[in-house]
Amino acid sequence: MQENLFLYNSLSRKKEKFTAIKPPFVGMYVCGPTVYGDAHLGHARPAITFDLLFRYFQHIGYKVRYVRNITDVGHLESDADQGEDKIAKKAKLEQVEPMEIAQFYSDRYHRDMDKLNVLRPSIEPRASGHIIEQIELTQKIIDTGYAYVSNGSVYFDVEKYNQKYNYGKLSGRILEDLYSNTRQLDGQDEKRNSFDFALWKNASPEHIMRWNSPWGQGFPGWHAECSAMGHKYLGEKFDIHGGGMDLLFPHHECEIAQNTIAVGENSINYWVHNNMITINGQKMGKSLGNFITLDELFTGANKVLEKAYSPMTIRFFILQAHYRSTLDFSNEALQAAEKGLARLLKGVETLQGLKPSKENNFDAEKFRQDCYDAMNDDLNSPILISNLFEGLKTINSVATGSEKIDEKNLNILKETYNTFLFNVLGLKLENEDAGNNEMLEDVVNMVLNLRLSAKEKKDWATSDFIRDELTKIGIKVKDTKEGFEWEI
RNA sequence: GGUACCUUGGCCGAGUGGCUAGGCACCGGUCUGCAAAACCGGCUACGGCGGUUCGACUCCGCCAGGUACCUCCA
C-alpha cells in the first residue's frame, strides 16, 4: 500500500498526508445530485473527481466504502413565493408523483454516469428513505439545547453554537461579518437569528412531500440528510467528505455544526472540494441557465455545441485539468481533448504490439514512479496525463526501431499504462459507431476494396473519385500500408 | 459591501525562486501516385508597476481585470 498520498483539505487549506482512521478501510461521503433535472457538465466534475479518488484508493490497496446520496427531498426553491420543494414543484408541473420525478431523473443520472465510466458508489442512499434518521438527528440536537422549535419547524441555534464552537471554520467566515453583510430573506421571522438553519420544516398545506414528526407534518431541512446518512453508513468519525466548492457554504458549514453537536467535534478528517466548470468564464449552473446537459453533449443537441462529444472525451477533458482549478468549456478545448485522447489510445494499441529487445534505453520504473508521484500529489491528473503523453514518444520510437526496450521494462511500461489509463483514470476504448451497422460496414469495405484494386492498376481517377464521393457522404478514408481505414 | 481565489504562449491547461510540463492548433520533415492519417522535429509564455534576492513567472506590496461564496446550485 502506498502511504504517501497527499490531499488538499479545505479545512486546513493545505495539502495533508492522507492517513486513514482504520486502515485499510476508508470511508468517503460525497454530495450527490438533486434529482429534478438532467445532469449537466457541472455534475460530471465531482462524479469524475471522486471516481478518480475512489479508483486510486482501491488501486493502492484501500477498501473503500463510498457513499453518495441522492437528494429527492428537502431543497427549497428560493424564487418560489412559499418555498416549495424542488421535486414537488416539478411534479405539480408535470402532474406526476414526486417520487416519479425523482426516479426518472435518478435513472437518467445513472445512465449518464455509466457512460462516463463513473463507478457506482458502494451505497447510494436517498434522503426520502432516511426521514427517521433525520428526525432522530434533529431530536438529538434539540435535546442538547442547540436547536429550538418554532411554528412546527426546528432551527439550529447558530448563535449559541458559535459561543462554544467556531461556526465558519470551514468556509473562513466570521459570524459577526455575516450578520452585517447578509440580505433579508423571507420567512425569517420564525428564526431567532438569520443564520439559524432549518433542521426540520413545517409543511404548508399545499406542500406535497410531507412526513409525520414530533413537531407536526413537515420535511427535513436542507443540510440534515448528509449528516444523518453519512454517519449512519460510515460511523461517527469517517475519513473524507467531498463535494463541489459551491457547497462549502452554507451546506458543509452547517453539516459541521450539526455533526459537532450530534456526534462530536472533528467527525470528518478531510474535506475535499472540486472546483467549477465555467462557460465563457462564468460558472455553469442550474440557476444561471448556462448549462449543457451531458445528454446534449453526447448527442450534440445544443446550439453552443459544434458537434457531439463522446463520454470518454468529456471524461478526458475533465481529467486534463486539476480538480481544484476551474475548467473552462469550449468547443475548441473539447476537440483538443478528443484528439489527444485518440492519440493516447492509439499509442496503447501500439504498445501491445511492441517486441522486447536485449538492449534497453528506457527506465520504465522511473516512468511508473512519476505516475504515482503525480497522483500522490493531490490527484494531479494533468501531470499524470502529460507523463502518459511523454511515454508515447518512447512507445513510438520503439515501434519504429529507433529505441530499444527489454522485456522487463516493456512489461512495466504495459502495466503502467494499463493501471493508470484504464484503472485509475477510468478511460476506456469506445466502440466505433460503424460497428453497430454491419451492412454499412460491409458496403464501405467493398467499395474501398474496389478502390484498392483501382490503385493497384494506377487508375488514380477512379480511386480519387471513390474517395471524394465517400468524403462527400461523410466517410473519411485513411490509407495505410496494409490497405485502408475509415471512419464516419 | 464582506470573504476567498484567479490572471501562463493562437486556444486549453500544469508547475516551479535558477534546470524549456503536456495537449490542441500552426510550421517543417518522413511516408504516400496525390491527399488524409500516422510518426519525427520546431514553436521558450507566465496581467501592469514597484520591492526582496546573486537571480522571480515563482516571494512581498500596490494597481488593473476576472471569478466564486455570502440564497437553491456540483
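Chain letters run A, B, ... following the sequence lines, proteins first and then strands; every chain starts at 1.
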Got a salt bridge between A/Arg111 and A/Asp107, using NZ or NE/NH1/NH2 to carboxylate O under 4.0 Å? no

Under a 3.5 Å limit for both distances, which nucleotide forms a Watson-Crick or G-U wobble pair with [N], could you say?
| N | answer |
| --- | --- |
| B/rA68 | B/rU3 |
| B/rC34 | none |
| B/rC26 | B/rG42 |
| B/rU20 | none |
| B/rG61 | B/rC49 |
| B/rA56 | none |

Roughly how many Å apart are [M] and [N], using the [atom1] atom of each and rounding to a whole number?
| N | M | atom1 | value |
| --- | --- | --- | --- |
| B/rA45 | B/rG22 | C1' | 14 Å |
| B/rG47 | B/rA38 | C1' | 40 Å |
| B/rA21 | B/rC46 | C1' | 13 Å |
| B/rU58 | B/rU20 | C1' | 15 Å |
| B/rG18 | B/rG55 | C1' | 6 Å |
| B/rA37 | B/rA4 | C1' | 48 Å |

Report the nucleotide, chosen from [options], that has the shortest atom-to-atom distance to any side-chain atom of [X].
| X | options | result |
| --- | --- | --- |
| A/Lys283 | B/rG23, B/rC70, B/rA68 | B/rA68 |
| A/Ala321 | B/rU71, B/rG33, B/rG13 | B/rG13 |
| A/Gln282 | B/rC34, B/rU67, B/rC72 | B/rU67 |

Using a 4.0 Å heavy-atom cut-off across all strands, classify A/Glu485 as base, sugar-phosphate, or nothing. nothing

[N] base / [X] side chain donor-acceptor hit below 3.5 Å:
| X | N | result |
| --- | --- | --- |
| A/Asn380 | B/rG15 | no |
| A/Arg343 | B/rA38 | no |
| A/Arg324 | B/rC5 | no |
| A/Asn331 | B/rC11 | no |
| A/Ser386 | B/rG13 | no |
| A/Asn396 | B/rA38 | no |

Phosphate OP1/OP2 of B/rU71: any A/Ser287 side-chain N/O under 4.0 Å: no

For a quick test of reading the model, state the closest non-hydrogen atom pair linking A/Leu199 to A/Gln258 and the distance between them. CD2-NE2, 3.3 Å

Sidechain-backbone polar pair: A/Asp239 side chain, A/Gly27 backbone, donor-acceptor under 3.5 Å: yes

Under the 5.5 Å and 30° test, is A/Phe389 stacked on the base of B/rG23? no

